[in-house]
Amino acid sequence: MTSAAAPGKIILFGEHAVVYGQPALAVPVTQVGVRVEVSDSTRPGIWLEAPNVNLHSELKSLSPDHPLAVAILSLFTFLGIDSFPWLQININSTIPVAAGLGSGAAVSVALLRALSTHLNQSITNEQISALAYEVEKLYHGTPSGIDNTVVTYGRPVFFIKGNPIEVLRVAEAFTMVIGDTGIPAPTREAVAAVRRLWEADPPHWETLFDRIGRIALQARKAIEAGAIQALGPLMDENHGLLQEMTVSSPELDRLVEAARQAGADGAKLSGGGRGGNMIALVRPEAAEKVSKSLERAGAKRALITRLDKNKD
Ligand code: PMV
């Protein structure tokens, strides 16, 4: 049996604008994740068990554009495998689906890793990320590639679409609370809605994307200088621009406001929006209070996460 894991992720700054070439910052969230186990089977075929999404199927019975089928078949094509082995693949995830926590990317990355290792094929992170990006297209339509990048490398990243990965140097640890609205929000729809806005008035929306890009650059500087107190106002400003972009929702706004009222230094939605998760920057001693107040304000769950200083 071979296994592999991949973490969840949150976007700190720059979602949506990143699709249009602006920089964004994302970090892994190791409290949640996906684990994939691959073993040889005595049954013909490739059998997939993913209890979280109630999937118990043989590969060939999945539609050809099913994300799991695309991940497996594109790996086989990449490795030049044309006679399929008999396998049992178990996929277990603690990442909520369609919540902006990178569940789709984590499933692809853990699956590609476990499967290639099981088949004794060495494959680089760059290749894993590139294959997972192809699957991301099914989830997102026109993805920037940030999810597969941060989940593959499991490191905080400064990301610009099409550029090589840059690891973000975290000079001082900081704490965040993640609040889940519990409302599933397919990223694809939010990304398509922003595209329609942009198509109707490119100069207007590009000015707004530029403003978000500048926030992401300022945030990078602050994180690399250990000036954590500068991040709260940048989060608030970024959230305001995402509201203008119509990707917030009453539930997200309620949680963002509750976090601020409970003493968070800043808060914003994270990911595709219109549901899913928000994040709040907190002093460690305020984390519990903010977490409780998010739950009282309707969060399905709240998670405290800490971004540690880089070791190297
Ligand atoms: O997977 P999510 O919901 O965290 O969203 C990804 C971020 C977007 O910028 C909205 C889309 C993308 O591909 O970058």
Side-chain angles (χ1 to χ4, degrees), residues 6-29 32-34 67 93 95-109 129-130 132-153 156-163 165-166 176 178-198 205-206 208-213 215-216 219 235 238-239 241-249 251-252 255 268-279 303 305:
K9 72 99 220 322
I10 46 173
I11 296 185
L12 298 185
F13 293 95
E15 49 274 271
H16 287 291
V18 68
V19 174
Y20 299 84
Q22 296 293 337
L25 273 52
V27 300
V29 176
V32 289
V34 172
S93 176
I95 310 178
V97 174
L101 290 179
S103 140
V107 168
S108 301
V109 168
S129 188
Y133 178 68
E134 292 307 309
V135 185
E136 284 296 283
K137 288 183 183 165
L138 301 169
Y139 291 111
H140 287 189
T142 52
S144 62
I146 191 167
D147 280 18
N148 47 286
T149 302
V150 64
V151 164
T152 301
Y153 290 88
V157 298
F158 174 84
F159 179 88
I160 297 177
K161 187 176 175 177
N163 285 12
I165 170 186
E166 281 186 67
M176 284 172 296
I178 306 173
D180 188 352
T181 61
I183 297 170
T187 303
R188 195 187 177 86
E189 286 167 24
V191 169
V194 173
R195 183 161 298 276
R196 283 192 294 274
L197 290 175
W198 170 70
W205 295 103
E206 278 162 23
L208 193 138
F209 300 151
D210 280 348
R211 287 167 68 193
I212 293 180
I215 292 173
M235 280 189 177
N238 196 160
H239 185 70
L241 294 169
L242 288 162
Q243 283 175 316
E244 271 188 55
M245 225 190 271
T246 75
V247 294
S248 193
S249 70
E251 295 81 5
L252 280 166
L255 296 188
K268 63 182 277 294
L269 72 85
S270 176
R274 297 197 166 173
N277 281 273
M278 50 71 68
I279 54 174
L303 197 76
T305 188

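Hydrogens, waters and symmetry mates play no part in the numbers below; they use all other heavy atoms, side chains included. Note that ligands are numbered from 1 as they come in the structure, with each ligand's atoms numbered from 1 the same way.
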- Message: On a heavy-atom basis, which atom in E136 and which in G104 lie closest, and how many Å separate them?
- Response: OE2-C, 3.8 Å

- Query: Can you find a side-chain donor-acceptor pair between S129 and N148 that sits under 3.5 Å?
  - Reply: yes

- Query: Looking only at side chains, do R274 and T246 share a donor and an acceptor under 3.5 Å apart?
  - Reply: yes

- The answer for which part of L101 has a heavy atom under 4.0 Å from ligand 1 is neither

- Message: Out of all atoms in ligand 1, which are within 4.0 Å of some heavy atom of E15? Include the element for each.
- Response: 9 (O)

- Query: Which ligand 1 atoms does P143 reach within 4.0 Å, using its non-hydrogen atoms?
  - Reply: 13 (O)

- atom 14 (O) of ligand 1 has as its nearest protein heavy atom S144 OG, 2.5 Å

- Identity of the nearest option to atom 3 (O) of ligand 1, non-hydrogen atoms only, from T187, T149, V151, I10: T187

- Provide, to 0.1 Å, the distance between atom 7 (C) of ligand 1 and the closest protein heavy atom, together with that atom's residue and name. I11 CD1, 3.4 Å

- Query: Does the pair R211/E206 count as a salt bridge with the N-to-O cut at 4.0 Å?
  - Reply: no

- Task: Would you name the heavy atoms of I146 and A26 that are closest together and state the gap between them?
- Result: CD1-CB, 3.8 Å

- With side chains defined as the heavy atoms from C-beta onward, is the minimum distance between F159 and I11 less than 4.5 Å? no

- Check ligand 1 against I146 and write out every atom of the ligand that is under 4.0 Å from a heavy-atom position of the residue. 14 (O)

- Item | Sub-4.0 Å heavy-atom contact, K9 with ligand 1 | yes

- Note on the structure: among protein heavy atoms, the one nearest atom 1 (O) of ligand 1 is D147 OD2, 2.6 Å

- Would a 4.5 Å heavy-atom cut-off, applied to side chains only, mark Y20 and K161 as touching? no

- Query: For ligand 1, which atoms sit closer than 4.0 Å to a heavy atom of G100?
  - Reply: 2 (P), 3 (O), 4 (O)

- Task: Looking only at protein heavy atoms, identify the closest one to atom 8 (C) of ligand 1 and say how far it is in Å.
- Result: H16 N, 3.9 Å

- Message: So which atom in G14 and which in I212 form the shortest heavy-atom distance, rounded to 0.1 Å?
- Response: CA-CG2, 3.6 Å

- Task: Check each atom of ligand 1 against the heavy atoms of V18 and keep those under 4.0 Å away; list them by number with element.
- Result: 9 (O), 14 (O)

- Task: Provide the number and element of each atom of ligand 1 under 4.0 Å from a heavy atom of G271.
- Result: 2 (P), 3 (O), 4 (O), 5 (O)

- Compare every heavy atom of L242 with every heavy atom of H16, then report the nearest pair and how far apart it is. CD2-CD2, 4.2 Å

